[in-house]
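Here is the structure we will look at.
These numbers were taken from a predicted model, which means no experiment stands behind them.
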Amino acid sequence: MMLRATTTYQQQTEVTATPVPDLLDRMGLTADLPERLCQDAQGRTFEPVQLNLGDDLVTQVSLLLRREPVGGAEPQIAENQHRLQTQALQQAHRFLAGGTGSPRSVVQEILHETRTRKATLEAQQQRVEQDYLTVQERLHPWQERMGTRSGSLTADLWRWLVGGAGQLSLPEAGTLWNEREYLALRRATVTAALTVYDRVLADLEDLAQHLDDLLTQARRLQHTLRQQMADLSDSSAVFAPWTVRIAPPVVSAALLEGVDLDGLVQDLLQRLNTDPGDTTLTSHVQSLARQAAARQMEALSMPDMIDLEARASGDALEDDPVLLVGHALLAALQQPTWHLVRGARPRSDILQVTPDGTPAYSMDGLHSAAYGGDLDRLGFVQVQLGVALDDLALLRDTDEAFQAALQQRNLYVLDALAQQAAVAVGSARGGPPIPAGALLNGQVVLESPAGGDI
Amino acid sequence: MMHDMRALQRYDARQVARPTSPGDEALRPPRNQDVLLIGAGNSGETVTLRCQALGYTDGTLWSVAGLNNDRLAPRPVPVRHIDGSTGTLTLTDRLVLDGDHPRDQIQDDPLLARRYADLLRGIPVFETYPQAGAGGHGYPVISALDIDLHSQQILALLRRMVRRLRDVSPVVPGQSDVQRLLQQSQQRQEPGPDKTIVVIGGVAGAMGNAAHQLLPGLIRLVLAEQGITTYHLWGVLLGPKAFSGLTPFVRHNYRAVLEALEYMSRAGQQRRYRDEIAVRLQQPPYDRVFLLDDPTLPGAGHRVTEAELEGFFNQAALSLSLLLRGTVWDTIASHLANDDGVPRDDGRLRYLHTVRGVLAGADRRQVRDLLATRIGDRLIGRFLQQFDRS
């Protein structure tokens, strides 16, 4: 049996400052518990069967000869025991859930007080047991002798009515019998009351033990979760050289504000109540947290995440954050990837790239393409096409140095270019003339050397 | 320190690293059979792996391979698996061209002896002395030599990677040759989107530079072998300003490779390799050539910093991956009109392009996980506040 969740978790009841004895009184663990156990719904106490020897003697004598009590209160006692036991535990749980003191020390106080009261009741039980035994020890021999005959009816009748020589008379036996019925009732109610005490003690002792286990689990889990938070906040965990990266710590912190923590605590306590043994605190907490996170992110789009991150700064937003991201991306897109000579006119094409190709931005000349997959990506691609070799500025800048280096060594991998360079170097040094169509001063020719590799 | 000499074996450069264990397959997104990225050289492999990582986290697994004469692999990249967990991506399909000293092997082959008599003109043996597997040291010719010496291994790599584009079923034990041919023919006839093969490499160094000149011919050879006729072969040339100061030959190498591409765009390519392999192309090496550079680099001084280089690689990967995503290129292609490099009246071929992509992104899973953790922390805090008072 675990702690019960109150309807409002943080609500404090009027009993928080009540001493433990008062609590036990409200739990019903009072001195009159045995009496209440034999009362009906209207508060009427069960009355055991009593003999009246002045009435129908024959019927009375047959009852008088019963070795065991008639009783009859047992069903009522059992029903009351179950009800009072349940009420006692509910009171205890409600008190612990709403209290402000240390639950552990309060549970120990309750246990102590309960054990003290139980000891008093146990002493009563001993006395009742002794009294009952005494009555039985006197009544049983009389009942056995009542069954024997001396052969003289007159003598037998005189012995029954008057007694004598240490033997009970009929009226005395009747009185004992009636007393035995009350003692039997008392015996049953005290036993039932002790059962209630035992049940309460077992529940509270289990709670104390389980509470310690739970708290140990909780502290361990808190340490683990904080380590996980640090690890998950590390943006380098996955290679993602995006131009603009949505910050998971900022977005998750913003989403956290919308989570109903009070409700989650209620759910946690409810789960612990109904499933105390088989599933650990850790798995309950993780399950609840995952479900809550999934709910928060269910309809969250990438523009929503951008917006959340922007608003997390606390500053008033004057511009659309998604538009600002677009501006930043376009600015990054303008960084050159090659250096062309003045006058070069490449063809340029620019696309916005969204998960399914649906445009996020509009701009003249801006086309859309799909990134593919259900992914949170938003970008631009620019291609510049159709540039010729001599449009590259670096080639124009390095011509002279390149030719000088070729004089010293071969710089080509292709056979034809290497041969032509060698021939050119040979010609420059006064060697044989350069064949028509050969490579000269870095200018490529159209003809390939006949029969040779290129 | 003693070693057991009996355990020493010859290193086999033909062995290409295989993908990770089958147990990792369950964490990977579906393989995309329409795109193949080949990174050549250190810069090319780095950008290639980062492109793959971007696609991976976004739920697409592009096929990638690396070709290098430097054993040093690109740094693993952190990614998110399809189950939300994080891990790292490494370039596992790599062919590293190393072995015995390359320059020693030239005289063993008359073809190479003739070729490299011209190609190695003026390059002292001292400059090329370092053993294979440590890069080309800024000399594309050295990397070309590595390519020549390992042409069979390179073709094997290309064939294996191109097969992934077609998802050719492996040979079934007991399947006859005729049955296999029928199966392959049926697969070829199945319609599908055009394949895109992209060779990514730097122009300032050695391996990327040489690869851009020699790989296209070999790739087209393999594509023709495997019956793939509808494809786009792109070259992505990185640099040169982004590599300023890294070697003395940055600008020379840049110029040389562009002149070579121009030459082949006009004359095609005829080249023989060892073992009777020959490339005979009457088409440009690449269908499209993208130049990606950062003209603002270096920010200060004459040499780029490590941070500037990392930033350039990241931007290049982002731009290229955007171009390959979704309907981006299809949309651009639909806008193109006559920009196909056909000579105009002035005779100038206009086939050079560039691309830049920018992106705003959110890691929704990270947001959700962080939010759930924060909610849990608040919840447990309330619980402790109520029940842990003492």
Heavy-atom distance under 4.5 Å to chain B: side chain of [X], backbone, both or neither?
X: A:Ala247; result: neither
X: A:Leu300; result: both
X: A:Leu411; result: both
X: A:Leu264; result: both
X: A:Gln335; result: both
X: A:Pro249; result: both
X: A:Asp231; result: neither
X: A:Pro346; result: neither
X: A:Met305; result: side chain
X: A:Leu375; result: side chain
X: A:Asp260; result: neither
X: A:Ile350; result: neither
X: A:Ala253; result: both

- Task: For the pair A:Glu309 and A:Arg245, evaluate salt bridge (charged side-chain N to carboxylate O under 4.0 Å, His left out) and give the outcome as yes or no after the intermediate values.
- Result: CA-CA 11 Å; A:Glu309 185 172 347; A:Arg245 185 177 186 136; over 6 Å; no
### Task
Flag yes if more than 12 heavy atoms outside A:His367 fall under 6.0 Å of its NE2 atom; otherwise flag no.
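Enclosed.
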Q.
Taking CD in A:Glu298 as the centre, count heavy atoms belonging to other residues, nucleotides or ligands within less than 6.0 Å. Is the count above 12?
A.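 Count not over threshold, so no.
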Could you grab the distance from atom [atom1] of [X] to atom [atom2] of [Y], nearest 0.5 Å is fine?
X: B:Arg356; Y: A:Gln382; atom1: CZ; atom2: CD; result: 9.5 Å
X: B:Leu49; Y: B:Leu89; atom1: CG; atom2: CG; result: 5.5 Å
X: A:Gln291; Y: A:Asp267; atom1: CD; atom2: CG; result: 8.5 Å
X: A:Met302; Y: A:Arg377; atom1: CE; atom2: CZ; result: 7.5 Å
X: B:Leu384; Y: A:Arg219; atom1: CG; atom2: CZ; result: 6.5 Å
X: B:Ile123; Y: B:Arg121; atom1: CD1; atom2: CZ; result: 9.0 Å

Under 4.5 Å, counting heavy-atom pairs only, tell me which of [options] racks up the most with chain A.
options: B:Val279, B:Leu54, B:Leu359; value: B:Leu359
options: B:Ile147, B:Thr86, B:Val328; value: B:Val328
options: B:Leu292, B:Val257, B:Val289, B:Ile332; value: B:Ile332
options: B:Thr331, B:Ile380, B:Leu370; value: B:Leu370
options: B:Ala260, B:Ala53, B:Ala316; value: B:Ala260
options: B:Ala372, B:Gly326, B:Ala360, B:Gly122; value: B:Ala360

Relative to chain A, which segment of [X] carries a heavy atom at a distance below 4.5 Å: side chain, backbone, both, or neither?
X: B:Arg114; answer: neither
X: B:Leu261; answer: neither
X: B:Val141; answer: both
X: B:Tyr254; answer: side chain

Is the ring pair A:Tyr412/A:Phe402 parallel, tilted or perpendicular, if the boundaries are 30 and 60 degrees?
perpendicular
When [options] are compared by non-hydrogen pairs under 4.5 Å with chain B, the top option:
options: A:Val387, A:Leu394, A:Thr243; value: A:Val387
options: A:Leu288, A:Leu255, A:Leu261; value: A:Leu261
options: A:Gly372, A:Gly379, A:Pro241; value: A:Pro241
options: A:Ile306, A:Thr224, A:Val325, A:Leu256; value: A:Leu256
options: A:Gly357, A:Ala237, A:Ala293, A:Ser368; value: A:Ala293
options: A:Val251, A:Asp374, A:Val250, A:Asp390; value: A:Asp390

Tested for side-chain contact (heavy atoms from CB on, under 4.5 Å) against A:Gln384, the lone hit among B:Leu352, B:Val355, B:Thr354, B:Leu291 is B:Thr354
Do [X] and [Y] make a side-chain contact, defined as non-hydrogen atoms from C-beta onward lying under 4.5 Å apart?
X: A:Met229; Y: A:Gln227; result: no
X: A:Val413; Y: B:Leu119; result: no
X: B:Arg325; Y: A:Val353; result: no

So is A:Arg409 actually on top of B:Phe249's ring, under 6.0 Å and inside 45° of the axis?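 Yes, A:Arg409 and B:Phe249 form such a contact.
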Can a cation-pi geometry be assigned to B:Arg288 and B:Phe290, taking NZ or CZ under 6.0 Å from the six-membered ring centre and within 45° of the ring axis? no
(request) Assess whether salt bridge (charged side-chain N to carboxylate O under 4.0 Å, His left out) is satisfied between B:Asp363 and B:Arg80, documenting all intermediate values. (result) CA-CA 10 Å; B:Asp363 188 337; B:Arg80 187 179 298 285; 2.8 Å; yes
